[in-house]
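Okay, structure first, notes after.
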Amino acid sequence: MFLPVLGKEDTIHEHNDLLAGKRVLDLACGDGHYTRKLKEQLGASEVVGIDISQAMIDIARSKERERPFGIIYEVADAQMLTPPSIKYDVVTAFYLLNFARTSEELERMVRVISEQLADGQTFFGVITNVCGSEATYNNEKHHKYAFMRETNLSNWPLHNGAEVKYTHFNDQQNTSFSYITYYLSPQTYEQAFKRAGFTYFKWVPLESDPKVEDRAFYDDFINYAPAIGIVASK
Ligand SMILES: C[S@@+](CC[C@H](N)C(=O)[O-])C[C@H]1O[C@@H](n2cnc3c(N)ncnc32)[C@H](O)[C@@H]1O
């Protein structure tokens with residue numbers, strides 16, 4: 001997702017300096033799983049992670065203490081951030097926007113993203129796949145990846161605000177956890193970005209890593225993709 005936008009097309013070589021010199025804001029950072037990768041694997045020079053959950057930020061901070069990357073973590077609602085004095089070069093949000101229940105909530109989040117981002121710069125996001133067909137909700141195809149999606153498909157196509165429940169399993173520990181996300185149509189997303197001043201918007205389908213040996217294992221994940229990327233520039 002990052003490569004073509006940042007001028008590098010080849011996916012074979014490591015690009016651990018892709019975000020060198022960039023100040024990055026990671027919204028809905030959770031425990032910092034991807035936030036750390038922005039520094040460690042992509043070389044961002046400054047990274048701030050924001051999450052609405054104090055519990056998640058506590059975990060992220062404790063991981064930062066164990067292995068310091070110089071990342072700052074703060075508790076905040078991504079719908080209510082005030083514009084910063086110095087805007088960011090990159091804003092990321094992995095699995096945030098799919099928690100917007102209405103087009104109004106989505107527009108608030110996207111407006112905040114726009115206000116945080118310097119002019120000419122780019123937002124990279126991942127959301128639950130709102131562009132998939134009915135077939136992409138096939139739970140049998142997802143079990144081998146240790147999760148399932150539960151959605152009421154009797155009213156296909158889905159309407160704005162429809163609940164999409166995700167359950168992830170840990171077979172070794174015999175545990176699972178679930179959360180509800182919300183469907184908003186692709187047009188609702190595109191309009192929210194346009195209204196917030198983004199002039200470029202692209203849906204980015206998932207791809208499997210060409211370096212992975214058992215690539216075929218991921219075919220169902222790609223063909224029945226549970227998530228999709230968004231790249232948008234101001
Ligand atoms: C599925 S987790 C993703 C965490 C992380 N981005 C990742 O991919 O590992 C979703 C996160 O969104 C956070 N979140 C939900 N609504 C939010 C909001 N309005 N503002 C900030 N964070 C929010 C939750 O607390 C949770 O940590």
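Everything quoted here is computed from the prediction, not taken from an experiment. All ligand and atom numbering here is 1-based and tracks the order in the structure.
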Query raised in the report: What ring-ring contact (aromatic ring centres under 6.0 Å, His included) pairs are there with at least one residue in residues 42-89, not counting sequence neighbours?
Result: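 For residues 42-89: none.
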
Query raised in the report: Taking only residues at least two apart or on different chains, which pairs with a member in residues 97-128 satisfy ring-ring contact (aromatic ring centres under 6.0 Å, His included)?
Result: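 As it turns out, the ring-ring contact (aromatic ring centres under 6.0 Å, His included) pairs with a partner in residues 97-128, which skip direct neighbours, are Phe2-Phe124, Phe123-Phe193.
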
Query raised in the report: How would you list, by chain and number, every residue that makes a side chain to side chain contact (heavy atoms under 4.5 Å, CB included) with Ala55, sequence neighbours excluded?
Result: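 Counting only residues at least two positions away or on another chain, Ala55 forms a side chain to side chain contact (heavy atoms under 4.5 Å, CB included) with Ser53.
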
**Report entry** Salt bridge flag under 4.0 Å for residues Arg61 and Glu74
**Finding:**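 Looking at Glu74 together with Arg61, the answer is yes, because their closest N to O distance falls below 4.0 Å.
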
Query - Glu40 bridged to Arg67 by N-O distance under 4.0 Å - result: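 Salt bridge: yes.
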
Go ahead and list the nitrogen or oxygen contacts between ligand 1 and the protein that come in under 3.5 Å, distances to 0.1 Å, or just say none.
residue  : atom   : partner : partner atom : Å
ligand 1 : 6 (N)  : Ala28   : O            : 2.7
ligand 1 : 6 (N)  : Phe94   : O            : 2.8
ligand 1 : 19 (N) : Asp77   : OD1          : 2.9
ligand 1 : 20 (N) : Ala78   : N            : 2.8
ligand 1 : 22 (N) : Ile52   : N            : 3.2
ligand 1 : 25 (O) : Asp51   : OD1          : 2.6
ligand 1 : 27 (O) : Asp51   : OD1          : 3.3
ligand 1 : 27 (O) : Asp51   : OD2          : 2.7

Query raised in the report: Any chance CG of Asn174 has more than 12 other-residue heavy atoms, nucleotides or ligands included, within less than 6.0 Å?
Result: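 Not buried by this count: 12 neighbours or fewer within 6.0 Å.
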
